[in-house]
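Dropping the structure in here first, questions after.
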Amino acid sequence: MLPDMTVKYNDALQWQDITGLLGGSSAGMDFRRFDGCTCGEGSSFVSYSLNYYEMKHLGQVVNGAQRRAKGTSPCHSSAVAMGFVLVTPSRVLFRLLLRHSPGSRDSIGTVLCVDDDGILRIGFPGASRGWKADPAEMERVEEFKVGDWVRIRPNLTTAKHGLGSVTPGSIGVVCCIRPDNSLLLELSYLPAPWHCEPEEVEHVEPFRIGDRVCVKRSVAEPRYAWGGETHHSVGRISEIENDGLLIIEIPNRPIPWQADPSDMEKLDDFKVGDWVRVKTSVPSPKYGWEDVTRNSIGIIHSLEEDGDMGIAFCFRSKLFCCSVTDVEKVPPFELGQEIHVIPSVTQPRLGWSNETPATVGKIVRIDMDGALNVKVAGRHSLWKVSPGDAERLPCFEVGDWVRSKPSLGARPSYDWNSIGKEGLAIVHSVQDTGYLELACCFRKGRWITHHSDVEKVPGFRVGQHIKFRTGLVEPRWGWRGAQPDSRGVIVGVNADGEVRVAFYGLQGLWRGDPADFEVEQMYEVGEWVKLRDNASSWKSVWPGSVGIVQGIGYEKNEWDGRVFVGFCGEQELWVGNTSDLERVDKLIVGQRVKVKSSVKHPRFGWSGHNHASVGTISAIDADGKLRIFTPAGSKAWVLDPSEVEIVEERELRVKDWVRVKLNVSNPTHQWGDVSHSSIGVVHRMEDEDLWVAFCFVDRLWLCKTWEMERIRPFKVGDKVRIKDGLVTPRWGWGMETHASKGEVVGVDANGKLRIKFRWREGRPWIGDPADIVLDES
């Protein structure tokens with residue numbers, strides 16, 4: 001059963017008003033008066049307890065009518081009570097600051113508890129007991145503590161204790177909270193703290209040492225002089241004073257620069273591969289617009305220490321150079337997404353290619369410059385679309401399970417209010433306008449919501465093992481013989497999401513709301529599983545070990561949540577909970593495998609092999625032990641399944657690192673500056689043609705797919721050294737030698753490496769990947 005709701009009603013509205021709103025029926029209402037809950041003479045509050053359906057109807061009427069009580073007394077002038085206020089009773093104790101009291105509208109109290117009838121009990125300084133209050137009369141006041149970063153509200157025109165030299169919008173730090181709950185703020189430009197009230201300021205995210213910052217574009221002249229810097233200057237905070245003053249280290253500047261925090265903004269933590277566009281607040285990028293527009297979307301290919309970056313746009317042959325202060329991240333396009341050209345675009349950057357504004361296609365490949373290769377039904381060739389011209393279509397289909405996005409905070413509509421943030425719904429139809437028609441099991445009829453308000457969630461299906469959701473107080477339609485720890489199996493799922501469950505020890509099928517359940521991981525005999533990283537070790541079995549499920553545990557004909565797993569090398573079966581396991585892909589006879597590079601000593605030995613050895617699985621024991629055949633091996637090679645990785649022969653893809661095969665003596669499109677030792681990155685591809693980016697060539701190098709082989713890419717964090725026997729690195733030695741060892745701190749999209757060598761300060765060393773090898777020592 002749904003809990004009874006409470007309607008607060010002011011005597012300025014008559015009982016006849018309520019019965020009229022409810023269609024003349026007052027059956028089932030519990031009439032009672034609250035002592036001490038008054039709003040001036042002759043305006044006592046009364047309460048009526050309504051069931052859910054009466055409440056829902058009354059709420060709809062009142063929300064539309066917006067009726068308000070009149071005649072509130074002067075001491076309650078800050079609390080103009082609504083004629084009806086919907087309140088959900090709660091027994092939960094919580095802390096909440098409110099601005100209101102019987103004696104003074106400026107007093108601040110703390111909520112001590114909430115009565116079953118929804119009345120608040122508030123403690124005020126000096127009061128002997130909690131004061132009763134209607135929630136409709138109170139307003140929340142933010143709670144601050146010493147050290148909080150706050151901003152003076154930008155729209156503040158007057159202050160209780162005077163503005164003085166303070167500028168609205170300034171950012172400061174709370175240094176003191178007075179007995180009357182007023183605040184003292186330290187501001188970087190004032191010699192003494194500023195006195196204010198809590199409602200005159202708001203919380204802001206604090207700056208921290210190490211943050212990358214720049215001056216806001218909206219600031220024409222910072223509070224502290226430019227000192228040769230500009231809006232494009234980028235630095236890192238090295239120190240923060242008690243009053244919030246920022247001390248900033250800027251590359252190539254001999255002394256630190258100081259700034260008022262309200263003049264500065266944090267920069268996104270950009271990395272190579274991020275999708276970006278120019279900010280709307282930027283009048284002109286650092287080096288001009290050229291052929292780029294505000295709608296253009298590109299991909300970062302390089303990042304410099306001084307804050308400059310190179311962005312690849314699919315309609316340009318060269319990188320677009322600008323400052324990190326000029327751009328912002330945008331959500332990346334992904335394979336499988338359906339797109340069409342934005343209706344406002346009359347001529348796409350890459351042309352129509354015989355398509356029309358009504359054409360819809362699916363992304364099947366994305367080039368390194370962001371060009372979208374789109375498959376259109378009925379077309380043999382792919383349609384190339386610039387990401388700045390493309391618009392994603394809703395990725396929902398009829399039958400999808402959805403819920404309201406948690407990031408929305410407040411629910412997107414009144415309809416979602418009746419469902420709740422945990423509520424689940426099923427897509428009934430998808431409309432061309434981007435709206436979805438949804439259905440759920442406890443609501444009659446369907447309703448409309450925009451696709452951006454919801455997100456997909458895994459659906460429930462017949463055969464799944466389920467249990468009640470953790471923290472569930474009561475199922476939507478009551479327990480009806482079930483218990484909080486009951487386990488069952490779904491035997492039916494209706495089109496509106498309603499599920500029918502067979503619970504162990506409970507006769508008949510149990511009707512339930514899917515939002516009340518969570519799927520319990522269940523494994524079948526023969527499934528391959530891995531021990532999770534947070535699981536405890538057992539004998540020779542460690543987190544990451546791979547085994548095969550041998551059975552499940554029962555107690556009095558009920559599954560008790562245990563699973564039995566066989567791990568190779570152990571005579572006994574491992575017994576534990578499903579929460580300690582996760583599924584892994586099953587290995588099969590005939591697959592080619594090799595030992596993982598992270599495995600230094602295989603559990604059953606090398607048997608004359610090494611990391612470069614590739615073998616074929618010839619047999620698999622019931623506990624997962626692998627028997628490997630290698631043409632060169634004279635001994636039987638036995639391996640633990642957790643120690644191997646599959647050797648795949650797959651086609652080349654965009655972003656793969658490649659080099660020319662040794663058996664190619666003369667590439668189809670000639671060598672140019674490229675050689676067998678050169679390492680590049682696949683930039684784009686069409687049929688058998690590849691365009692490869694090399695860090696030492698300005699233009700893309702054209703070749704055939706069968707002329708190239710894939711190699712391991714260098715990654716940030718790799719420990720590296722300069723290749724033995726190298727005479728001169730492509731861009732010189734600098735201060736390094738063959739003995740130098742370092743770590744990759746940056747990788748450009750064309751493979752150029754940025755390496756921080758030991759005992760070296762300053763900028764990273766720039767290197768060609770062909771000159772570098774992994775440091776195995």
Side-chain angles (χ1 to χ4, degrees), residues 1-3 91-92 399-404 406 419-426 439-443 455-536 538 543 547-565 573-584:
M1 294 292 292
L2 288 170
R91 293 181 181 273
V92 179
D400 283 343
W401 291 65
V402 298
R403 70 178 174 197
S404 178
I419 293 173
K421 65 179 182 178
E422 300 292 343
L424 300 179
I426 296 181
C440 74
C441 63
F442 58 88
R443 172 180 172 143
E455 63 181 2
K456 285 185 184 180
V457 294
F460 288 86
R461 62 179 186 274
V462 173
Q464 285 181 320
H465 288 251
I466 53 117
K467 63 181 179 180
F468 287 107
R469 176 168 50 85
T470 303
L472 181 68
V473 177
E474 185 178 11
R476 182 167 296 279
W477 294 297
W479 290 106
R480 290 169 287 133
Q483 301 295 326
D485 59 350
S486 295
R487 288 186 170 93
V489 180
I490 296 177
V491 297
V493 181
N494 292 347
D496 60 3
E498 180 182 295
V499 296
R500 300 283 174 161
V501 183
F503 280 115
Y504 299 114
L506 196 64
Q507 292 185 348
L509 298 182
W510 199 88
R511 172 191 177 215
D513 178 352
D516 294 338
F517 299 107
E518 60 187 17
V519 175
E520 191 159 29
Q521 191 67 267
M522 184 66 174
Y523 299 102
E524 297 180 3
V525 173
E527 278 196 284
W528 289 58
V529 294
K530 180 177 74 172
L531 203 61
R532 291 183 183 272
D533 293 337
N534 58 356
S536 301
W538 173 79
I548 299 178
V549 176
Q550 306 292 318
I552 59 176
Y554 286 89
E555 184 177 345
K556 296 180 180 179
N557 296 322
E558 290 186 22
W559 176 48
D560 58 11
R562 295 180 302 156
V563 180
F564 302 104
V565 182
L573 295 179
W574 176 91
V575 182
N577 294 321
T578 56
S579 59
D580 291 332
L581 302 171
E582 61 180 89
R583 285 184 174 86
V584 295

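The chain is numbered in sequence order, starting from 1.
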Mark yes or no for whether Tyr523, through its side chain, and Val565, through its backbone, hold a donor-acceptor pair below 3.5 Å. no
Set of residues satisfying ring pair (Phe, Tyr, Trp, His ring centres under 6.0 Å) with respect to Phe468, sequence neighbours excluded: Trp479, Phe503, Trp510, Phe517
Residues forming a salt bridge (Lys or Arg N to Asp or Glu O under 4.0 Å) with Asp516, sequence neighbours excluded: none
Considering all heavy atoms, the nearest Phe460-Val499 contact: CB-CG1, 4.4 Å
So CH2 of Trp538 and CG of Asp580: to nearest 0.5 Å the spacing works out to 13.0 Å
If the condition is salt bridge (Lys or Arg N to Asp or Glu O under 4.0 Å), which residues does Asp400 pass it with, not counting sequence neighbours? Lys456
Could you report the tightest heavy-atom contact between Val457 and Val402, atom names first, then the distance? CG2-N, 4.0 Å
Closest non-hydrogen atoms of Val525 and Gln550, given as atom of the first, atom of the second and distance, are CG2-O, 3.7 Å
If every non-hydrogen atom of Gly497 is compared with every non-hydrogen atom of Cys441, which pair is closest and at what distance? C-CB, 4.3 Å
Rounded to the nearest 0.5 Å, what's the gap from CZ on Arg532 to CG on Leu581? Could you check? 8.0 Å
Under the salt bridge (Lys or Arg N to Asp or Glu O under 4.0 Å) rule, what pairs show up with a residue in residues 481-493, not counting sequence neighbours? Arg487-Glu520
Polar side-chain atom of Asp513 near backbone of Ala515 as donor-acceptor pair, under 3.5 Å: yes
Please enumerate all residues that pass side-chain contact (heavy atoms from CB on, under 4.5 Å) together with Arg500, with sequence neighbours excluded. Val491, Glu498, Leu509, Arg511
Looking only at non-hydrogen atoms, find the nearest pair between Ser536 and Leu531 and report the distance. O-CD2, 3.7 Å
Kindly write out the residues that satisfy salt bridge (Lys or Arg N to Asp or Glu O under 4.0 Å) with Arg469, not counting sequence neighbours, or none if the list is empty. none
Value for CG (Leu506) from CZ (Arg480), rounded to nearest 0.5 Å, stands at 9.0 Å
Among Arg583, His465, Glu582, find the one that has a side-chain hydrogen bond (donor to acceptor under 3.5 Å, both in side chains) with Gln521. Arg583
